[in-house]
J.: 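So that we are looking at the same thing, I have put the structure below in structure tokens.
Chain naming here is simple, since letters A, B, ... match the order of the sequence lines and numbering starts at 1 in each. These figures come from a predicted structure and were not determined experimentally.
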There are 2 protein chains.
Amino acid sequence: MTAVTVKRDTASTVQCMKAMSDPTRLLIMKLVQKKAYCVCQFVDMFEMSQPAISQHLRKLKMAGLVREERRGQWRFFSMNDEFGARDLVLSILNQLDDEDETLRAIQSKEKAVSCD
Amino acid sequence: MTAVTVKRDTASTVQCMKAMSDPTRLLIMKLVQKKAYCVCQFVDMFEMSQPAISQHLRKLKMAGLVREERRGQWRFFSMNDEFGARDLVLSILNQLDDEDETLRAIQSKEKAVSCD
DNA sequence: TCATTATATAAGTCTTTGGTTATATAATTC
DNA sequence: GAATTATATAACCAAAGACTTATATAATGA
């Protein structure tokens with residue numbers, strides 16, 4: 001049973017694609033598809049500065065692809081299931097190899113957060 | 001009968017998405033999916049300068065999304081069906097609305113080429 | 001061969017992007 | 001309430017993008 005894809009206009013398609021057309025953001029989307037992560041986890045996994053990660057997350061959030069949730073001193077990000085272009089996002093993520101080396105390397109660096 | 005999608009790595013996915021993450025190039029891909037167009041047709045349809053169109057086409061060609069064919073003094077561009085990330089391209093184009101206003105407006109400006 | 005037509009390329013400009021460092025804010029813990 | 005921890009934001013910078021104008025190339029046709 002395949003859902004009928006809601007067709008989208010050019011502008012919103014381009015906006016969504018631009019948000020995901022970066023290796024860091026594409027992989028963040030791949031990760032949050034499965035569960036929520038907090039900023040500091042991404043910092044560890046991507047071995048990237050905290051401001052750099054924050055800015056990538058802001059872009060994804062502004063574009064509507066992720067949602068933010070506060071838990072104590074942490075902010076968790078997860079996939080926004082109410083996003084209009086959700087089908088587009090999923091079809092892109094779906095053809096991204098789960099065995100991809102870059103993805104694997106990043107996943108292997110995941111650390112638990114105290115509140116978990 | 002749905003074809004099995006070949007999973008792709010992060011780098012090639014991002015490269016393909018970047019090539020399509022522009023309204024002009026996304027719509028060019030939508031157009032060449034159906035048939036080949038020459039540069040001068042795109043210039044008319046997108047109401048954009050010839051060098052600008054040439055440069056967009058070069059990007060698409062360099063990324064492997066389109067192929068070029070000479071017919072007399074014209075150069076026709078069509079979708080490259082041998083492209084590795086073809087499934088990704090098609091799934092993106094597939095969810096782009098055929099009734100999209102921008103697309104319609106561009107299609108309405110199509111003119112015939114002498115050699116047609 | 002010369003003018004015309006179709007296209008590419010080069011060089012310049014302006015904007016956007018993705019990082020940096022420094023600092024602000026807000027919750028937690030001592 | 002002071003120090004610590006998590007995060008955001010601001011200001012800056014270098015590189016990439018998307019145009020522009022000017023010019024080169026290549027095929028066509030007189």
Side-chain angles (χ1 to χ4, degrees), chain A residues 10-11 14-29 32 36-63 65-78 102 106 110-116, chain B residues 10-11 14-29 32 36-63 65-78 102 106 110-116:
Chain A
T10 305
V14 168
Q15 199 200 359
C16 172
M17 289 180 63
K18 276 194 176 171
M20 298 218 297
S21 291
D22 172 273
T24 305
R25 293 196 297 272
L26 180 65
L27 290 172
I28 286 178
M29 289 309 296
V32 298
Y37 287 84
C38 80
V39 180
C40 62
Q41 287 180 302
F42 288 133
V43 170
D44 288 336
M45 296 166 80
F46 288 91
E47 297 182 49
M48 193 172 280
S49 76
Q50 176 266 313
I53 291 291
S54 256
Q55 285 159 26
H56 280 304
L57 289 169
R58 182 168 54 181
K59 283 202 177 177
L60 290 172
K61 194 186 168 194
M62 289 297 96
L65 282 79
V66 300
R67 59 195 204 81
E68 189 182 344
E69 178 202 349
R70 283 177 108 115
R71 291 186 210 165
Q73 60 194 134
W74 296 276
R75 300 197 187 185
F76 278 76
F77 289 82
S78 53
T102 320
I106 282 161
E110 179 178 342
K111 291 178 197 162
V113 177
S114 321
C115 72
D116 274 353
Chain B
T10 305
V14 167
Q15 199 200 359
C16 172
M17 289 180 63
K18 276 194 174 170
M20 299 219 297
S21 292
D22 171 273
T24 304
R25 292 196 298 272
L26 181 65
L27 291 171
I28 285 179
M29 289 308 297
V32 298
Y37 287 85
C38 81
V39 180
C40 63
Q41 288 180 303
F42 288 134
V43 170
D44 288 336
M45 296 166 81
F46 287 91
E47 296 181 50
M48 193 172 280
S49 75
Q50 176 267 314
I53 291 291
S54 256
Q55 285 159 25
H56 280 305
L57 289 169
R58 182 168 53 180
K59 283 204 176 178
L60 290 173
K61 193 186 168 195
M62 288 297 97
L65 282 79
V66 300
R67 58 194 207 84
E68 189 182 345
E69 178 201 349
R70 283 177 108 115
R71 290 186 210 165
Q73 60 193 137
W74 296 276
R75 299 196 187 186
F76 279 74
F77 288 84
S78 52
T102 319
I106 283 162
E110 179 177 344
K111 291 178 197 160
V113 177
S114 322
C115 72
D116 275 352

J.: Let me know the distance between CE of B:M48 and C1' of D:dA18, rounded to the nearest Å.
T.: 9 Å
J.: Is there a side-chain contact between B:R58 and B:Q55, using heavy atoms and a 4.5 Å cut-off?
T.: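 Yes, close enough: below the 4.5 Å cut-off.
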J.: Could you run down nucleotides 25-30 of chain D 5' to 3' and tag each one B, S or - for protein heavy-atom contact under 4.0 Å?
T.: -SSS--
J.: Check whether any side-chain N or O of B:H56 sits under 4.0 Å from OP1 or OP2 of D:dC19, and answer yes or no.
T.: yes
J.: Tell me: CG of B:L57 to P of C:dT9, nearest whole Å?
T.: 11 Å
J.: Between A:F76 (CZ) and C:dA27 (P), how many Å, whole number?
T.: 16 Å
J.: Could you give the NZ-to-P distance, from B:K111 to C:dT5, as a whole number of Å?
T.: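 B:K111 atom NZ is separated from C:dT5 atom P by 14 Å.
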J.: Nearest whole Å is fine: how far is D:dT4 C1' from A:W74 CH2?
T.: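 It works out to 12 Å between those atoms.
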J.: Starting at OG of A:S78, measure out to CD of A:E69 and round the result to the nearest 0.5 Å.
T.: 6.5 Å
J.: I'd like a list of close polar pairs between nucleotides 21-23 of chain C and the protein, N/O only, cut-off under 3.5 Å.
T.:
none

J.: So, do A:V43 and A:M48 sit near enough that their side-chain heavy atoms are less than 4.5 Å apart?
T.: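 No - every pair of side-chain heavy atoms lies 4.5 Å or more apart.
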J.: Without swapping roles, check the side chain of A:Q41 against the backbone of A:K111 for a donor-acceptor pair under 3.5 Å.
T.: yes
J.: Between B:C40 and B:W74, is the side chain to side chain contact (heavy atoms under 4.5 Å, CB included) condition met? List the steps.
T.: CA-CA 8 Å; B:C40 63; B:W74 296 276; 3.9 Å; yes
J.: Check each residue of residues 19-28 of chain B for a non-hydrogen atom within less than 4.0 Å of any atom in DNA chain C, then write out the ones that pass by number, or none.
T.: none
J.: Would you kindly give the CD1-to-C1' distance between B:I53 and C:dA8, to the nearest whole Å?
T.: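 Rounding to the nearest Å, CD1 of B:I53 and C1' of C:dA8 are 14 Å apart.
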J.: What is the separation between atom NZ on A:K61 and atom C1' on D:dT9, rounded to the nearest whole Å?
T.: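 Nearest whole value for this atom pair: 13 Å.
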J.: With a non-hydrogen cut-off below 4.0 angstrom, is A:F42 in contact with a base, only sugar-phosphate, or nothing?
T.: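 Nothing, no heavy atom under 4.0 Å.
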J.: Using side chain to side chain contact (heavy atoms under 4.5 Å, CB included), reason through B:V66 and B:M29 one step at a time and then give a plain yes or no.
T.: CA-CA 8 Å; B:V66 300; B:M29 289 308 297; 3.6 Å; yes
J.: Considering only side-chain heavy atoms of B:R58, which listed nucleotide, D:dC19, C:dT9, C:dG19, is closest?
T.: C:dT9
J.: With salt bridge (charged side-chain N to carboxylate O under 4.0 Å, His left out) as the rule and sequence neighbours excluded, what pairs involving residues 18-27 of chain B come up?
T.: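 Sorted result for residues 18-27 of chain B: empty, none.
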J.: Run the numbers on B:Y37 and B:E110 for side chain to side chain contact (heavy atoms under 4.5 Å, CB included), then give the verdict.
T.: CA-CA 10 Å; B:Y37 287 85; B:E110 179 177 344; 3.3 Å; yes
J.: On the nucleotide C:dG18, are OP1 or OP2 found under 4.0 Å from the side-chain N or O atoms that A:K59 carries?
T.: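 So the side-chain polar atoms of A:K59 do come within 4.0 Å of the phosphate oxygens OP1 or OP2 of C:dG18, strictly under.
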J.: Apply salt bridge (Lys or Arg N to Asp or Glu O under 4.0 Å) to A:E68 and list each qualifying residue two or more places apart in sequence or on a separate chain.
T.: A:K61, A:R75
J.: Kindly write out the residues that satisfy ring-ring contact (aromatic ring centres under 6.0 Å, His included) with B:F46, not counting sequence neighbours, or none if the list is empty.
T.: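 ring-ring contact (aromatic ring centres under 6.0 Å, His included) check on B:F46 returns nothing, list empty.
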J.: Only one of A:L27, A:I106, A:T24, A:L57 passes side-chain contact (heavy atoms from CB on, under 4.5 Å) with A:F42; say which it is.
T.: A:L57
